[in-house]
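The structure under discussion appears below in the form of structure tokens.
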Amino acid sequence: MHAPGSAPRTGSQPTTVAIIGAGVVGLCCALQAQRKGYRVTLIDREAPGKGASFGNAGYIATELINPLSTGKTLRSALCLWLSPRGPLALPLRYLHWILPWLARFVMAARPAQVARSRDGLVALNRAAVAAWQRCLEDIGASAQLCRSGYLLVWESSNRLDDAHRHAEDLRQWNIRTELVQGARLVELEPALAGTVSHALYFPDACQVREPYSLCQELFKALQTRGADFVQQAVEKLMPDNDGVGLQTDTGVLHFDQVLVCAGAWSKPLLQGVGIEVPLEAERGYHLSFEGVGTELNRPIGSAERRFVMSPLDSGLRAVGFTELGGLKLKPFARRFRVLRHHSQALLPALANPALKTREWMGHRPTLPDSLPVIDRHPLHQRLWFAFGNQHLGLTQAAISAELVVSMMSGEAPPIDPQPYRVDRF
């Protein structure tokens, strides 16, 4: 048995590691562990890529460097919540459950904490695209990632100063933008509604062609290289001197190392090993419009309506809402109606009643400071964590994998892991 934090054994008996969670973060972690010589078993109650990873917009959102909790967010939260078509939802039946989390969220808006969170997001996001390129090149799937550009649009002409200020803020972090209006805007996206006044164009932005297909490519590579997949729910973590046991509904599995990448379902697993993390399940909704993927040339975000539309191989996807509703409530039909309204307002072609649409709701793992947990258990050295990337799971998956597996292998981490400690709360 190798010492915690050291490289895996090089003899005939490789170190075993279980990755709990087969979303995009877990898949990237499993592949990275394979590259480092570990014998990998991937475990999930669902098929790979069927959780929150299935429903994202496919956009690598490296410009999102501000945490969700800021003074500006708190000042606008009530209006956003009360607006019938606003982007923020908090079901009343869930309010009493989420009050402790909301208190932590408010505390995270303190300027010093905002600065720490921003630094942590910048470090991950700056390294995100290059990490994805390494990951996909290694498995022969580089075509999944493309430089698409991104357009952040405003419909109100009197908010031109907002775009200027945002561009200036991003320039401080070396994020390139171009303010576009008129003919240049039409050139970039001719199908957009004429009500769009101006936009910021991000020429360096990337997207994946289809999030679920990406997950399938990652999983196929894992299996080809000898990984095992166990489709079971993990009920309990049982660390001991020799590794970590996993209680499933059919018995106990034992591994030298275990890495928890269970997204919004990570919290109860950590509670069982003495760690409380203020993890909340933020529910996200999407609509997919089949057969209209060519209506847009690149992902589009609305600064005012606060949702994103992306052209994917499967069609056009509209993604939105921050709904703090936990894991058990059913989807609310009115969220889909609001998404449809916003989508049609920006892209009039979507008003065609003959278009086929699909609805989806999933759970994003969100922490009050908007940073993930990428760390190991402070007492049980063979137990590791990588979860809580909130809206940026796809963006940060490959670099999160490189970071946590480097620490597991006793190598120098590619970025400073301190901001993502599990005990920071």
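If you read the sequence from its start, that first residue is 1, and numbering goes on from there.
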Exercise for review: May I ask you to decide if T73's main-chain N or O and S76's side chain share a donor-acceptor pair within less than 3.5 Å?
Suggested key: yes
Review point. Salt bridge between E402 and K36, side-chain N to carboxylate O under 4.0 Å?
Key: no
**Study point:** Test log, rule side-chain contact (heavy atoms from CB on, under 4.5 Å), inputs S302 and L346
**Key:** CA-CA 9 Å; S302 171; L346 281 187; 3.9 Å; yes
Review point. Is any NZ, NE, NH1 or NH2 atom of the basic residue among E280 and K267 found under 4.0 Å from an Asp or Glu carboxylate oxygen of the other?
Key: no
Exercise for review: Decide whether Q207 and R298 meet the rule of one side-chain donor and one side-chain acceptor closer than 3.5 Å.
Suggested key: no
Check your understanding: Listed by chain and number, what are the side-chain contact (heavy atoms from CB on, under 4.5 Å) partners of V122, not counting sequence neighbours?
Key -> I65, R118, R126, W173
Check your understanding: Mind checking whether Y150 and Y201 have ring centres under 6.0 Å apart?
Key -> no
**Study point:** Contacts of type side-chain contact (heavy atoms from CB on, under 4.5 Å), residue R424, not counting sequence neighbours
**Key:** L367, D369, L371, V373, R421
Practice item. Over 60° means perpendicular and under 30° means parallel, so classify the ring planes of F387 and F385, tilted if in between. Key: perpendicular
Check your understanding: What residues form a side-chain hydrogen bond (donor to acceptor under 3.5 Å, both in side chains) with Q271, not counting sequence neighbours?
Key -> E276
Practice item. Any pair with a residue in residues 166-178 that passes salt bridge (charged side-chain N to carboxylate O under 4.0 Å, His left out), sequence neighbours left out, goes on the list, sorted by first then second residue, please. Key: E168-R171, R176-D204, E178-R184
Check your understanding: Could you give all pairs that pass the salt bridge (charged side-chain N to carboxylate O under 4.0 Å, His left out) test and reach residues 60-70, with sequence neighbours left out?
Key -> none
Review point. Between the side chains of S197 and E155, does any donor sit under 3.5 Å from an acceptor?
Key: no
Check your understanding: Do E304 and S156 have side-chain N/O donor and acceptor atoms under 3.5 Å apart?
Key -> yes
Check your understanding: Any idea how W360 and F54 line up, ring-wise: parallel (<30°), tilted (30 to 60°), or perpendicular (>60°)?
Key -> tilted
Check your understanding: Do the charged groups of D138 and R35 touch, with an N to O distance under 4.0 Å?
Key -> yes
Review point. Taking it one step at a time, do R116 and D119 satisfy salt bridge (Lys or Arg N to Asp or Glu O under 4.0 Å)?
Key: CA-CA 5 Å; R116 287 193 293 270; D119 288 344; over 6 Å; no
Practice item. Could you name each residue pair satisfying salt bridge (charged side-chain N to carboxylate O under 4.0 Å, His left out) that touches residues 39-53, not counting sequence neighbours? Key: R39-D228
